[in-house]
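In the text below, chain A, chain B and the rest are named by the order of the sequence lines, each starting its count at 1.
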2 protein chains.
Amino acid sequence: MTTRPSTQETRERLLAAALEAFGQRDYDAVSTRELATAAGVNLAAISYHFGGKHGLYLATARLLGERMRALLHEDLSWIRSTYADASPEECRRLVGDLIGRLASRLLGDEFGRHVPGLIIREQGRPTEAFEILYETLFGPVHHVLGELIGRARNRPADDDEIRVIAHALIGQAVIFRAGRTALLRYMDREGFDEGDLVHIRRVVAALAESALATPGEGAQR
Amino acid sequence: MTTRPSTQETRERLLAAALEAFGQRDYDAVSTRELATAAGVNLAAISYHFGGKHGLYLATARLLGERMRALLHEDLSWIRSTYADASPEECRRLVGDLIGRLASRLLGDEFGRHVPGLIIREQGRPTEAFEILYETLFGPVHHVLGELIGRARNRPADDDEIRVIAHALIGQAVIFRAGRTALLRYMDREGFDEGDLVHIRRVVAALAESALATPGEGAQR
DNA sequence: AGATTTCAAACGATCGTTTGAATTAAGCAT
DNA sequence: ATGCTTAATTCAAACGATCGTTTGAAATCT
């Protein structure tokens, strides 16, 4: 009863191959022939189904955005339902937890393999894909962090200082993927095992939490 | 007295154009013709002087590394000469100062325009250029931060936890370039002026400093 | 049957590099 | 200085390879 036998599968195969390729290499460094071969489909399928390489790229960004939204949904929505009547101390703890979790996820699993490559690359030369990825990933994290940190410091979430802090803390997590190679070298390792990830998650969480422990300069102005 | 560009000038022009181009776009996204045109030299000069596009790329990485070394030299060597007999509190302050300075530099001036693009891109697919850049940039900062944080927490600088913390704090600075576009959007701005930079530098410095204020979990093990 | 999807082949454009002649700089005998 | 030789550098043009895309016929499905 397959109403669309191979049409959908061709699309999915191409998207999977594109996610793998665009996730770790630049747009221009990925060729359509390579994508078609990796996906096991004909070269012309890219133009046929996505209107061209760029269309496939955008579709990949959308796919990635949706997956991220699903992955982050439980974490973020739980936090969102919590912080409304949480104490500043609890908010601090939530921030640390979120940052630590983000760091180990980015470093460790499937989650982190593709996301930052695409996202960080989009920062340099933003295309339409940036909008897609910001709204599903950077944006929600920015927003939730802003709320939490605002509460932790008794300041409005849209305060400039709060936003700078939120961004800086995200950096604590992102660097574990963006600077992964440098970290491997710094820590003299060939890869990170489960124990490393747990350790890193704890350390980063504690670091982010204590970063908010002392009131910022804005408080005593 | 027709001033034909001398040998050296041709090289320098190409390097300048390459730094500009490779600093913000991917290797494959930059064409040799574009570089030659931007530099105002003949296309064949790339092969003649650098042995090809890849040679020019590596030479660019070397040039960038040297400039970074010069830029960081005063900061780092001053710190190096200081921390030997500095108190943990002073070390904390030095860390905050360094991270804040790094953040505003990366975000603001010429320093930041080219570095992270090249470096972060090299993390995904490390080439020989990664070695060059790690040794002149990431490496020294890692090292100095490790020493400072180690002293601040009374632990050896080569401790795993210290290294994770050092890396995370670097992330606080790097994100201001790597995630610049997202930050602009988050803060609803079109660019950052001098006031923004000063503010960001202060906030990030205070954040990093207070992150080290509470003893890590390793201390009470 | 008619519409949709796949396929091998080819298209023009652009890529990095090479070529060989033209131009410039430098050394040297006169 | 002057002419001549030689090496170094620049230049326009062309090379083969690969790029993204298009084509029109074959295959498949409704």
Sidechain N-carboxylate O distance under 4.0 Å for [X], [Y]:
X      : Y      : answer
B:D26  : A:R121 : no
B:R25  : B:E20  : no
B:E147 : B:R151 : no

Distance, nearest 0.5 Å, that separates OG1 of A:T7 from CD of A:E12: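 Interatomic distance, A:T7 OG1 to A:E12 CD, rounded to 0.5 Å: 11.0 Å.
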
Whole Å only: how far is the [atom1] atom of [X] from the [atom2] atom of [N]?
X     : N      : atom1 : atom2 : result
B:Q8  : D:dT10 : CD    : C1'   : 17 Å
B:L14 : D:dT9  : CG    : P     : 14 Å
B:R13 : D:dT9  : CZ    : P     : 16 Å

Using a 4.0 Å heavy-atom cut-off, write out nucleotides 12-26 of chain D from 5' to 3' as B (base contacted by protein), S (sugar-phosphate only) or - (no contact). B-B----BBBBB---

Check whether any side-chain N or O of A:T7 sits under 4.0 Å from OP1 or OP2 of C:dT4, and answer yes or no.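 A:T7 to C:dT4 OP1/OP2: no side-chain N or O under 4.0 Å.
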
Less than 4.0 angstrom between a side-chain N/O of B:H49 and OP1 or OP2 of D:dA8, yes or no?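 It does not, given that no N or O in the side chain of B:H49 lies less than 4.0 Å from OP1 or OP2 of D:dA8.
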
Could you check, using the six-membered ring where one of them is a Trp, whether B:Y186 and A:H167 have ring centers closer than 6.0 angstrom?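 No, they do not, as the ring centres are separated by 6.0 Å or more.
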
Aromatic plane relationship, A:Y27 with A:F22 - under 30° parallel, 30 to 60° tilted, over 60° perpendicular: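 The rings of A:F22 and A:Y27 lie parallel, inter-plane angle below 30°.
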
